[in-house]
Colleague: 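Got a structure here, written out as structure tokens. Questions coming.
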Amino acid sequence: MSDPEIVIMGAPGAGKGTQSDHIAEEFDVDHVSTGDAFRANKDMDISDLGLEYDTPAGFMDAGELVPDEVVNEILRAALEDADGYVLDGYPRNLAQVEYLDSVADPDVVLYLEVDEDVLTERLTGRRVCSECGATYHVDFDPPEEEGVCDVCGGDLYQREDDQPDTVKERIRVYRDETAPVVDHYDDTGLLVRVDGEGTPDEVWADLRAAIEDALEG
Ligand code: AP5
Ligand code: MG
Ligand code: ZN
């Protein structure tokens, strides 16, 4: 069997990053996250493109999408190097769907369904390790020692775009631009919906079963 090609979708805070780590380990694929790629290159100079902001951080901190011409190139380079993938955070609009079709052929598109009130709570309480990227939540998944990563002892920080006003804008952008992508994959038959509101372990059990089904089918 060729390496699995998996896309995971869901609103901001739905649990894509949390679950992608499990998927990457279990199915031996690379976790490709456009959000993580931008956070690692947030001050990249894109001023020559004449866009609204001169860096990815400008768009991200405003809760807006980074323009397609920037994200598509990052996506292409990441997939070129991957042996199988779980793609987290792309595609986010219909133009990106078209671009993805030209460079890859996913086996399944997973969609984590989570209610909007739950999303805000998850995002505003999220903490991330500055060293290894492990994700925590102050109430739902706290580290043993406040502010310190269980895995590597690194300092935990709050993402710039997890402030309440930015969260609101990210959810609006999701509704306007990314929800049509979910409908598109529903129409093409690739979409598998998974309830994202259980505990992380419950969600993972459902997700794993859904992936196994899809890859066999
Ligand atoms: P990105 O990093 O992709 O952010 P996002 O899509 O908004 O999603 P998040 O990472 O916030 O949430 P998640 O679903 O990964 O949830 P997590 O597992 O962390 O993108 C950031 C920005 O980059 C965008 O706004 C845009 O500017 C730019 N960008 C990225 N891709 C782009 C693209 N393709 N085009 C243009 N621009 C792009 O979980 C959240 C919290 O909940 C955590 O605290 C976690 O511990 C907790 N949690 C997880 N699961 C559960 C559970 N089951 N129960 C309780 N708590 C849980
Ligand atoms: Mg994420
Ligand atoms: Zn860490």
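Source: prediction; values computed, not measured. Remember, it's 1-based here, ligands and their atoms both numbered in the order they're listed.
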Colleague: Checking side-chain hydrogen bond (donor to acceptor under 3.5 Å, both in side chains) for the pair Asp45/Ser47: CA distance, chi angles, key distance, verdict?
Modeller: CA-CA 6 Å; Asp45 182 6; Ser47 58; 2.6 Å; yes
Colleague: Any N or O on Thr18 sitting closer than 3.5 Å to an N or O of ligand 1?
Modeller: yes
Colleague: With a 4.0 Å heavy-atom cut-off (strictly under), which part of Arg127 contacts ligand 1: side chain, backbone, both or neither?
Modeller: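 Neither part.
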Colleague: Do you know which two heavy atoms are closest between Val151 and Tyr136, and how far apart they sit?
Modeller: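 So the minimum-distance heavy-atom pair works out to N-OH, 3.7 Å.
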Colleague: Looking only at N/O atoms, are Gly89 and ligand 1 under 3.5 Å apart anywhere?
Modeller: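 Yes - when backbone and side-chain N and O of Gly89 are compared with those of ligand 1, one distance drops under 3.5 Å.
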Colleague: Taking the Zn ion (ligand 3) as the vertex, what is the angle from SG of Cys132 to SG of Cys152, given to 10 degrees?
Modeller: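 The angle at the Zn ion (ligand 3) comes to 120°, rounded to the nearest 10°.
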Colleague: What does the angle at the Zn ion (ligand 3) come to, between atom SG of Cys149 and atom SG of Cys129, rounded to 10°?
Modeller: 110°
Colleague: Could you check whether the rings of Trp204 and Phe27 sit parallel, tilted or perpendicular, using 30° and 60° as the cut-offs?
Modeller: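 Judged by the thresholds at 30° and 60°, the geometry between Trp204 and Phe27 is perpendicular.
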Colleague: Do me a favour and list the nearest non-hydrogen protein atom to atom 19 (O) of ligand 1 with residue, atom name and distance?
Modeller: Arg126 NH1, 2.6 Å
Colleague: With atoms numbered from 1 as shown, which atoms in ligand 1 lie under 4.0 angstrom from a non-hydrogen atom of Tyr136?
Modeller: 43 (C), 44 (O), 46 (O)
Colleague: N/O of Gly15 under 3.5 Å from N/O of ligand 1, yes or no?
Modeller: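 Such a contact does occur with ligand 1.
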Colleague: Side chain or backbone, does Arg39 bring an N or O within less than 3.5 Å of an N or O on ligand 1?
Modeller: yes
Colleague: Taking atom CG of Leu119 and atom OH of Tyr174, what is their separation to the nearest 0.5 Å?
Modeller: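 Answer rounded to 0.5 Å: 9.0 Å.
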Colleague: Please determine if Leu65 has a nitrogen or oxygen closer than 3.5 Å to a nitrogen or oxygen of ligand 1.
Modeller: no
Colleague: Is there a polar contact between ligand 1 and Gln96, counting only N or O atoms under 3.5 Å apart?
Modeller: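 Yes, Gln96 has an N/O under 3.5 Å of an N/O on ligand 1.
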Colleague: Considering only heavy atoms, does Glu64 approach ligand 1 within less than 4.0 Å through its side chain, its backbone, both, or neither?
Modeller: backbone
Colleague: Name the option, out of Arg92, Arg170, Glu202, that contains the heavy atom nearest to atom 24 (C) of ligand 1.
Modeller: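 Selected option, by shortest heavy-atom distance: Arg92.
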Colleague: Looking only at distance, does Gly13 have an N or O less than 3.5 Å from an N or O of ligand 1?
Modeller: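 Indeed, backbone or side chain, Gly13 has an N or O that close.
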Colleague: Which atoms of ligand 1 have any heavy atom of Val71 under 4.0 Å away?
Modeller: 33 (C), 34 (N), 35 (N)
Colleague: With a cut-off of 4.0 Å, which atoms of ligand 1 are near a heavy atom of Leu123?
Modeller: 11 (O)
Colleague: Of all the non-hydrogen atoms in the protein, which one sits nearest to atom 10 (O) of ligand 1, and at what distance?
Modeller: Arg159 NH1, 3.0 Å
Colleague: Which one of Lys16, Glu169, Arg122 has a non-hydrogen atom at the shortest distance from atom 50 (N) of ligand 1?
Modeller: Arg122
Colleague: Using heavy-atom distances only, which candidate in Ser33, Gly198, Ala14, Ala134 approaches atom 53 (N) of ligand 1 most closely?
Modeller: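 Among Ser33, Gly198, Ala14, Ala134, the closest heavy atom to atom 53 (N) of ligand 1 comes from Gly198.
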